[in-house]
Amino acid sequence: MEYLPNIIFALLLIAGIGYFANNVKKLIRNIKLGHKVDANNHKSERWRNVVNIALGQSKMVRRPVSGFLHVIVYVGFVIINIEVLEIIIDGLFGTHRIGQEFLPAALYGFLIGAFEVLAVLVLVSVIVFWLRRNVIKIKRFLSSEMKGWPKSDGNIILYFEVVLMCLFLVMNATDTVFQTANSGNVISQFIAPWFNGFELETLHTIERAAWWLHIVGILIFLNYLYFSKHLHILLAFPNVYFGSVEPKGKLNNLEAVTAEVKLMMDPDADPYAVPEETSEDEVPAKFGASDVMDLTQVQLLNAYTCTECGRCTSACPANLTGKKLSPRKIMMDTRDRLEEVGKNIDLNKGKFVDDGIQLLGDYITNEELWACTTCNACVEECPVSINPLSIILEMRRYLVMEQSAAPMELNNMMTNIENNGAPWPYNQMDRLNWKDEE
């Protein structure tokens, strides 16, 4: 019975990490449903983006209040969880504060003291975040796509963080040996008097309960990430790395179409020759995208990384003028459809069975797509390098090239370009007639 707590701890740890690993495996499988993207170019720039944007939070602090608070939570999350290593060792081997035995007293005291200060700062930041969402009611958190689960999800994670930080402080405050040492208890020393009058055995029970709840809470939090927008905690780094490093105004071309145009423009070209930059295998079965499987792996990674912060939507000129388009909803819809496809694959033993549903039409409407002005405001605003515009363009490409379903104004313009070489309905010979008018 002496080793029962250690065995229970080991089983909980294995179960928690195992379930998380299984979900990560599903996540990777779902992302790989998309087309591969070559990201071997501009490696130095990509790593610079990871350092500046993902690690340095350079885009977050453009909005000082939320940005600064997010940096506190981010730093607190990373640094405080260093203590999880000590908890895991203690849990597996039955030790107590193993760090005190191997680290100099001053260093250990400094680390725990820093953790406690960060815990309080995280608590304050989380409370402000909760007030912004539920009391002040910032406009970008009130959009139609933020009702129901997205709203609850945003609050649940805040409650998680409050509970974990409080358990950490209570655990330290009721650890009598730690408090007696008076090293690193910079915050918990003010909480310890709340437990004056408790018997030593009772204090030990409270400390152990807080310790167990803290580590179990971390494991639950870890596995909750897969079902939450807070998956960006893990995916922001790869997403920024694989993000586009091309100028924001540059649009990608379909190689098959480019080759066809070159063939049409060159009267001496061999109509049966396969251009070097393409091949028969690379000719797409479908132009553009109507479902998640038609998108690239980077675009699907984008969808899973979306933080639902709404900065993209709050900067979108189409949305600001009352149109239905919300870049955040585009990303949320893509992720929801991808999850639906993943569940379909799970139910059908690794194979997708057509369910009669697709991203275009069932999740995202034509009206939303054509409201986009391709201004790149959403791309510029995203703090983790997500590109909603690329998905919008692929679906519009499908509408135009596969369904000929462009709005009448666009169809007229393209007809004029084809017939007259310009968007206007005038013959090329008549373009200068205006100068002869009195």
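None of the values given here were measured: they were computed from a predicted structure.
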Quick check: does any side chain N or O of Asn387 sit under 3.5 Å from a backbone N or O of Ser390, one acting as donor and the other as acceptor?
-> yes
Qualifying salt bridge (Lys or Arg N to Asp or Glu O under 4.0 Å) pairs, either residue in residues 231-244, two or more places apart = none
Identify whether the distance between the nearest side-chain nitrogen and carboxylate oxygen of Glu394 and Lys286 falls below 4.0 Å.
-> no
Any donor-acceptor N/O pair, Ser290 side chain to Leu360 backbone, under 3.5 Å = no
Set of ring-ring contact (aromatic ring centres under 6.0 Å, His included) partners for Trp211, sequence neighbours left out | Phe9
Neighbour count >12 (heavy atoms, 6.0 Å) for atom OH, Tyr426 = no
Heavy-atom pair of closest approach, residues Pro317 and Thr373 = CG-OG1, 4.0 Å
May I ask you to decide if Asn412's main-chain N or O and Asn416's side chain share a donor-acceptor pair within less than 3.5 Å?
-> yes
With His70, which residues qualify under ring-ring contact (aromatic ring centres under 6.0 Å, His included), at least two apart?
-> none
Closest approach of Phe237 and Ala54, non-hydrogen atoms and distance?
-> CD2-CB, 3.6 Å
ring-ring contact (aromatic ring centres under 6.0 Å, His included): which pairs involve residues 71-93, sequence neighbours left out?
-> Phe77-Phe221
Nearest heavy-atom approach of Glu308 to Arg328 is O-NH1, 3.3 Å
What are the two closest heavy atoms between Val162 and Val126, and how far apart are they?
-> CG2-CG1, 3.6 Å
Least distance between heavy atoms, Ser66 atom then Arg311 atom = OG-NH2, 3.2 Å
Those residues at least two apart in sequence (or on a different chain) that pass side chain to side chain donor-acceptor pair (under 3.5 Å) with Asn40 are Asp38
Mind listing the closest non-hydrogen atom pair of Gly16 and Asn223 along with its distance?
-> O-ND2, 3.0 Å
Set of residues satisfying side chain to side chain donor-acceptor pair (under 3.5 Å) with respect to Glu161, sequence neighbours excluded = none
Would the number of heavy atoms belonging to other residues, nucleotides or ligands and lying under 6.0 Å from CZ of Phe352 be above 12?
-> yes
The side chain to side chain donor-acceptor pair (under 3.5 Å) partners of His214 (sequence neighbours excluded) come to none
Of the options Glu368, Gln358, Arg337, Glu340, which is the one that meets Tyr363 in a side chain to side chain donor-acceptor pair (under 3.5 Å)?
-> Glu340
Non-neighbouring partners of Glu380 that pass salt bridge (Lys or Arg N to Asp or Glu O under 4.0 Å), sequence neighbours left out = Arg62, Lys248
Report the residues that fulfil side chain to side chain donor-acceptor pair (under 3.5 Å) with Asn6, sequence neighbours left out, ordered by chain and then residue number.
-> none
Glu145 pairs by side chain to side chain contact (heavy atoms under 4.5 Å, CB included) with which of Thr313, Asp333, Ile330?
-> Thr313
Report the residues that fulfil ring-ring contact (aromatic ring centres under 6.0 Å, His included) with Tyr304, sequence neighbours left out, ordered by chain and then residue number.
-> none
Would you please indicate yes or no on a ring centroid separation below 6.0 angstrom for Tyr224 and Phe160?
-> yes
What residues, two or more places apart in sequence or in another chain, satisfy ring-ring contact (aromatic ring centres under 6.0 Å, His included) together with Tyr241?
-> Trp47
Salt bridge (Lys or Arg N to Asp or Glu O under 4.0 Å) partners of residues 17-37, not counting sequence neighbours, each pair once | Lys26-Asp346, Arg29-Asp346
